[in-house]
Amino acid sequence: MQDALSTTFAALADPTRRAILARLSSGESSVSDLAKPFAMSAPAITKHLKVLQRAGLISQGRQAQWRPCKLEAQPLREAADWVAQYRQHWEDRLDRLEDYLATLQAPSTEEKP
Amino acid sequence: MTAHAPFTISRWLKAPRPLVWEVYSSPEHLQHWLGPKGSTVTHSQLDFQVGGTYHYAMKVEGGMELWGKWLFLELQAPEKLVLIQCFSDPQGGATRNPWAAGWPMYTHSTTTLTEQDGGTLMTLVWAPHEATAEEEALFAASHDSMRQGWGGNLDVLEDYLSLLQTA
């Protein structure tokens with residue numbers, strides 16, 4: 001029942017996780033550096049990272065000793081597209097309503113549906 | 001009750017309030033404006049009264065046909081319209097959002113019409129109805145978290161996303 005979009009939004013629903021993503025948008029970071037600004041235990045941060053990782057929003061390097069975390073843009077982009085569409089859906093409907101009301105009030109139009 | 005802020009949108013319309021009300025109250029009128037541009041309403045069956053329903057289908061760009069249903073909870077001509085809406089099948093049964101299964105099955109919308117500056121101000125307030133906490137969170141994340149909850153961080157992410165799109 002969990003589709004990709006729902007998983008992404010569930011991951012984004014938490015302010016700490018959003019802060020982590022914002023932090024990663026300026027570049028890769030080690031887990032310990034990521035944890036620094038938060039008044040949170042290391043296991044708590046790790047838990048948040050796991051949620052982000054499962055949602056495909058971040059990935060963690062394998063080679064380097066410090067295993068840097070990296071932002072993965074694709075799911076975020078899909079979420080952003082969804083949000084844009086969502087508002088657009090209503091804007092479109094209102095545009096159409098506006099046009100239709102104009103048609104109904106146009107003096108030259110005899111059309112009375 | 002939802003803990004999240006509902007989605008709201010308003011638009012000033014250059015039309016007298018009774019006319020705006022009228023275009024909601026007949027299936028022929030609804031057919032003319034309900035779908036987004038480029039879509040065609042292919043089914044429009046309306047029982048405009050409290051407890052009545054509106055069952056519709058629209059063909060959107062790309063050929064996909066979407067069915068939906070409204071249930072009218074409150075109709076106060078010409079100023080207030082409250083309804084529950086859901087995606088549906090051709091028989092009128094409620095279905096899940098075809099794009100996001102975690103979306104609330106039912107949503108609740110209140111449309112208010114106010115006379116203003118020689119026209120009508122329409123305000124729509126949209127919120128989940130009888131949804132689970134997860135569904136409410138998804139609904140909210142689709143507008144307020146992304147817009148407000150991100151706070152100052154949103155700009156950074158937006159810049160980053162636009163950078164990726166141009167790359």
Side-chain angles (χ1 to χ4, degrees), chain A residues 1-27 37 55 57 70-106 111-113, chain B residues 4 7-16 19-20 22-24 26 28-29 31-39 96-97 99-103 119-120 122 124 126 134-143 145-147 149-161 163-165 167:
Chain A
M1 126 100 180
Q2 278 297 80
D3 52 297
L5 207 54
S6 306
T7 310
T8 305
F9 279 118
L12 290 174
D14 181 87
T16 305
R17 292 198 286 270
R18 289 202 296 271
I20 292 172
L21 290 175
R23 184 84 198 290
L24 289 174
S25 69
S26 56
L57 287 161
K70 187 172 164 282
L71 183 68
E72 292 293 335
Q74 189 55 34
L76 212 51
R77 201 181 306 169
E78 277 162 21
D81 284 352
W82 166 265
V83 172
Q85 265 179 35
Y86 179 93
R87 186 150 203 111
Q88 197 55 47
H89 162 83
W90 287 104
E91 295 286 356
D92 282 355
R93 182 178 281 189
L94 291 173
D95 285 350
R96 193 114 189 250
L97 174 61
E98 212 167 14
D99 291 350
Y100 182 56
L101 287 168
T103 314
L104 289 177
Q105 294 175 99
E111 184 195 349
K112 257 278 167 189
Chain B
H4 305 282
F7 173 88
T8 58
I9 191 168
S10 25
R11 175 82 63 103
W12 181 83
L13 299 160
K14 195 181 165 186
L19 182 63
V20 181
E22 198 190 316
V23 300
Y24 262 101
S26 91
E28 292 78 22
H29 278 311
Q31 209 156 359
H32 276 92
W33 67 269
L34 189 70
K37 282 193 176 94
S39 69
R96 286 276 165 193
N97 183 318
W99 294 282
W103 192 255
T120 307
M122 167 184 275
L124 180 124
W126 195 28
E134 289 79 14
E135 290 165 351
E136 285 190 357
L138 173 59
F139 184 90
S142 297
H143 56 105
S145 298
M146 293 297 279
R147 287 176 176 272
W150 286 94
N153 300 335
L154 181 60
D155 294 343
V156 180
L157 278 162
E158 265 178 355
D159 288 351
Y160 181 68
L161 287 167
L163 209 104
L164 288 167
Q165 272 150 8

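Letters A, B, ... are given to chains in the order of the sequence lines, protein chains preceding strands, and every chain is numbered from 1.
The minimum heavy-atom distance between B:Ile9 and A:Glu91, with the atom names listed, is CD1-OE2, 3.6 Å.
For the pair B:Leu19/A:Gln105, a side-chain contact is recorded, criterion being any heavy-atom separation below 4.5 Å from C-beta on.
Here the straight-line distance linking atom CG of A:Leu97 with atom OH of B:Tyr24 works out to 6.5 Å at 0.5 Å rounding. Here CG of A:Leu94 is found 7.5 Å from CG of B:Leu124. Values are rounded to the nearest 0.5 Å.
Judged purely by atom type and a 3.5 angstrom limit, A:Arg96 uses its side chain to pair as donor or acceptor with the backbone of B:Gly35.
Both the backbone and the side chain of A:Asp95 come within less than 4.5 Å of a heavy atom in chain B.
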Step-by-step side chain to side chain contact (heavy atoms under 4.5 Å, CB included) determination, B:His29 to A:Tyr100:
CA-CA 9 Å; B:His29 278 311; A:Tyr100 182 56; 2.6 Å; yes
Apply side chain to side chain contact (heavy atoms under 4.5 Å, CB included) to residues A:Thr103 and B:His32 and explain how you reach the verdict.
CA-CA 10 Å; A:Thr103 314; B:His32 276 92; over 6 Å; no
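Of the charged side-chain nitrogens involved, none lies within less than 4.0 Å of a carboxylate oxygen, so that A:Glu98 and B:Lys14 do not count as a salt-bridged pair.
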